[in-house]
Peer 1: 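Please read through the structure below; I'll follow up with questions.
This structure is a prediction, so every number in the text was calculated from the model and none was measured. Below, read A as the first sequence line, B as the second, and so on, with proteins coming before strands; counting in each chain starts at 1.
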Amino acid sequence: MFKKRRIEKKKNRKKAQRSSSVKEGTTYQQEVEVNVNDCNIIQQIPSSLTLSNTDKYLVFDLETTSLSRNSDITQLAAASGLNVFQRYIMPRCDISNEASKITGISFCHATNKMYLNGREVETCTIQQGLLDFLDFFKLNELPILVGHNITNFDMMVLENRLKEFSMFSAFIASVKGFIDTLKLSKRVFPKADVDNYKQQTLVKKVLGIEYAAHNAKDDVLSLSELFSQKLQSRCVEDDLHHVNFNSCKLSLKPLVDKKNY
DNA sequence: AAGACGCTGGCGGGATATCG
DNA sequence: CGATATCCCGCCAGCGTCTT
């Protein structure tokens with residue numbers, strides 16, 4: 001019964017194809033060969049990393065001017081053990097309304113002053129903030145970065161800003177890899193227990209703690225607790241990604257596009 | 001709002017089954 | 001053998017969910 005219908009549809013499709021095939025031109029020509037120039041651009045995929053019980057974890061979080069991966073960073077925070085790092089950073093572009101509403105951060109370009117919920121805060125330049133951030137890594141030898149949904153947001157924003165100041169290679173050299181607590185949480189916590197996997201929700205449902213979400217420092221401190229108490233022991237090698245992860249993916253994009261074409 | 005990823009349902013189509 | 005039905009798997013558009 002199903003087949004009959006499908007065969008009918010197929011006939012119709014073929015008819016449509018024939019009438020449009022004239023316009024299609026080279027669509028189905030084979031061009032799957034990879035030329036040598038493309039290969040040179042592609043970064044070598046690093047060998048997989050292994051977890052060790054001597055690893056040090058460094059939780060971090062960014063607040064940014066928008067959701068764009070090319071956003072400027074407005075606040076940068078990190079925690080490693082008892083050490084806490086925190087900087088407010090002067091953005092060079094406007095802070096989107098949504099971002100300002102969520103983070104409580106605003107910036108006056110005329111006076112170069114930044115405000116958190118109306119109160120002025122001390123700032124630094126993006127370059128200085130990044131330098132200090134890299135310095136903070138050195139408190140531990142090759143820490144593993146930890147953050148929520150960092151694979152698809154924070155790592156990309158951070159990578160873009162580090163590259164802008166030619167600090168990406170120094171960054172790669174000073175961390176072992178990174179772990180995304182979003183992916184980890186989806187495996188560890190049953191959906192029925194937590195409703196959703198927003199960081200704020202997880203901290204509330206799992207630790208029973210309400211906190212000032214969307215302030216990088218508070219986000220980092222609460223995620224630190226969640227990670228060390230509930231997640232760290234559940235990490236497997238698959239969760240640990242090389243910091244080149246996104247870079248590699250990006251370098252493969254031309255190939256993928258070619259395939260799709 | 002921008003963008004990436006995971007999940008899902010529907011579809012295409014090859015392989016197999018059934019019937020005359 | 002030919003025609004139809006069923007099964008199964010890969011693919012993909014569309015939607016939901018995270019980040020600020």
Side-chain angles (χ1 to χ4, degrees), chain A residues 1-17 28 59-78 87-107 114 116-117 126 129 145-161 178-192 194-206 211-220 222-223 226 231 238-239 241 245-253 256-257 259-261:
Chain A
M1 208 58 180
F2 300 111
K3 193 83 173 184
K4 216 170 187 176
R5 246 193 301 146
R6 275 197 340 231
I7 289 174
E8 292 260 334
K9 283 188 177 179
K10 192 175 180 180
K11 277 183 185 171
N12 290 335
R13 268 203 314 281
K14 279 200 170 171
K15 202 174 168 186
Q17 252 183 26
Y28 290 104
V59 180
F60 83 103
D61 186 44
L62 309 177
E63 306 302 318
T64 64
T65 56
S66 78
L67 284 173
S68 161
R69 274 61 175 168
N70 258 315
S71 295
D72 253 358
I73 298 169
T74 53
Q75 190 189 10
L76 178 52
R87 292 284 186 281
Y88 286 98
I89 294 171
M90 287 183 285
R92 295 157 299 174
C93 56
D94 289 334
I95 303 175
S96 74
N97 290 336
E98 291 89 351
S100 198
K101 194 173 169 185
I102 285 172
T103 62
I105 293 173
S106 56
F107 185 74
M114 180 176 265
L116 174 64
N117 299 320
I126 174 68
L145 301 185
V146 176
H148 205 62
N149 198 23
I150 57 176
T151 311
N152 294 314
F153 187 71
D154 300 59
M155 290 300 291
M156 290 173 146
V157 174
L158 189 60
E159 177 172 337
N160 284 332
R161 297 287 67 79
F178 71 92
I179 290 175
D180 193 327
T181 56
L182 174 59
K183 183 185 165 196
L184 192 51
S185 296
K186 283 184 174 174
R187 195 179 66 233
V188 171
F189 306 124
K191 172 105 182 180
V194 294
D195 293 345
N196 64 58
Y197 292 94
K198 290 180 173 72
Q199 181 180 328
Q200 188 173 13
T201 308
L202 292 174
V203 169
K204 183 181 172 185
K205 297 271 182 182
V206 177
Y211 76 102
H214 299 299
N215 179 290
K217 188 176 169 184
D218 294 301
D219 276 339
V220 153
S222 64
L223 188 61
L226 185 70
L231 296 174
D238 246 16
D239 297 317
H241 303 296
F245 180 86
N246 280 317
S247 234
C248 284
K249 207 168 56 187
L250 208 64
S251 72
L252 288 167
K253 198 171 182 301
V256 177
D257 288 346
K259 179 223 165 197
N260 288 338
Y261 152 86

Peer 1: Please state how far atom CZ in A:Phe60 lies from atom P in C:dT19, giving the value in whole angstrom units.
Peer 2: 14 Å
Peer 1: Would you kindly say whether A:Thr65 and A:Asp72 are connected by a side-chain donor-acceptor distance under 3.5 Å?
Peer 2: no
Peer 1: Check A:Leu116, A:Ile126, A:Ile105 against A:Thr74 for a side chain to side chain contact (heavy atoms under 4.5 Å, CB included) and give me the one that passes.
Peer 2: A:Ile105
Peer 1: To the closest 0.5 Å, what do you measure between CG (A:Asp239) and CZ (A:Phe178)?
Peer 2: 11.0 Å
Peer 1: Using a cut-off of 4.0 Å on non-hydrogen atoms, how would the nucleic acid contact of A:Asn196 be classed: base, sugar-phosphate, or nothing?
Peer 2: sugar-phosphate
Peer 1: Could you tell me whether A:Asp61 contacts a base, only the sugar-phosphate backbone, or nothing, with contacts defined as non-hydrogen atoms closer than 4.0 Å?
Peer 2: sugar-phosphate
Peer 1: Check whether any side-chain heavy atom of A:Gln199 sits under 4.5 Å from a side-chain heavy atom of A:Asn149, and report yes or no.
Peer 2: no
Peer 1: Rounding to a whole Å, what distance do you find between A:Asp154:CG and C:dC18:P?
Peer 2: 15 Å
Peer 1: How close or far is atom P of C:dT17 from atom CG of A:Leu202, stated in whole angstroms?
Peer 2: 14 Å
Peer 1: Return the value, rounded to whole Å, for the distance between atom CG of A:Leu182 and atom C1' of B:dA4.
Peer 2: 11 Å
Peer 1: Round to a whole Å and report the spacing from CZ of A:Phe153 to P of B:dA4.
Peer 2: 12 Å
Peer 1: When you check the side-chain N and O atoms of A:Ser71 and A:Ser66, is any donor under 3.5 Å from an acceptor?
Peer 2: yes
Peer 1: Considering residues, nucleotides and ligands other than A:Lys217, do more than 12 of their heavy atoms fall under 6.0 Å from its NZ?
Peer 2: no
Peer 1: Measure from OH on A:Tyr197 to P on C:dT19 and round the result to the nearest Å.
Peer 2: 13 Å
Peer 1: Rounded to the nearest Å, what distance is computed from the CE atom of residue A:Met156 to the P atom of nucleotide C:dC18?
Peer 2: 18 Å
Peer 1: Below 3.5 Å is the cut-off: list the nitrogen or oxygen pairs between protein and nucleotides 5-7 of chain B, distance only.
Peer 2:
unit_1: B:dC5; atom_1: OP1; unit_2: A:Lys249; atom_2: NZ; d: 2.5

Peer 1: List in chain and number order the residues that pass ring pair (Phe, Tyr, Trp, His ring centres under 6.0 Å) with A:His214, two or more places apart in sequence or in another chain; answer none if no residue qualifies.
Peer 2: none
Peer 1: Examine distances only and state if a side-chain atom of A:Asn160 and a backbone atom of A:Arg69 form a donor-acceptor pair shorter than 3.5 Å.
Peer 2: yes
Peer 1: Whole angstroms only, please: what is the CG-P distance between A:Leu67 and B:dA4?
Peer 2: 12 Å
Peer 1: Does A:His148 place a side-chain N or O at less than 4.0 Å from the phosphate oxygens OP1/OP2 of C:dC18?
Peer 2: no
Peer 1: Indicate, with a heavy-atom threshold strictly under 4.0 Å, whether A:Leu62 touches base, sugar-phosphate, or nothing.
Peer 2: sugar-phosphate
Peer 1: Among residues 68-77 of chain A, which residues get a heavy atom nearer than 4.0 Å to DNA chain C?
Peer 2: none
Peer 1: Supply the atom-to-atom distance A:Arg161 CZ to A:Leu76 CG, rounded to the nearest 0.5 angstrom.
Peer 2: 13.0 Å
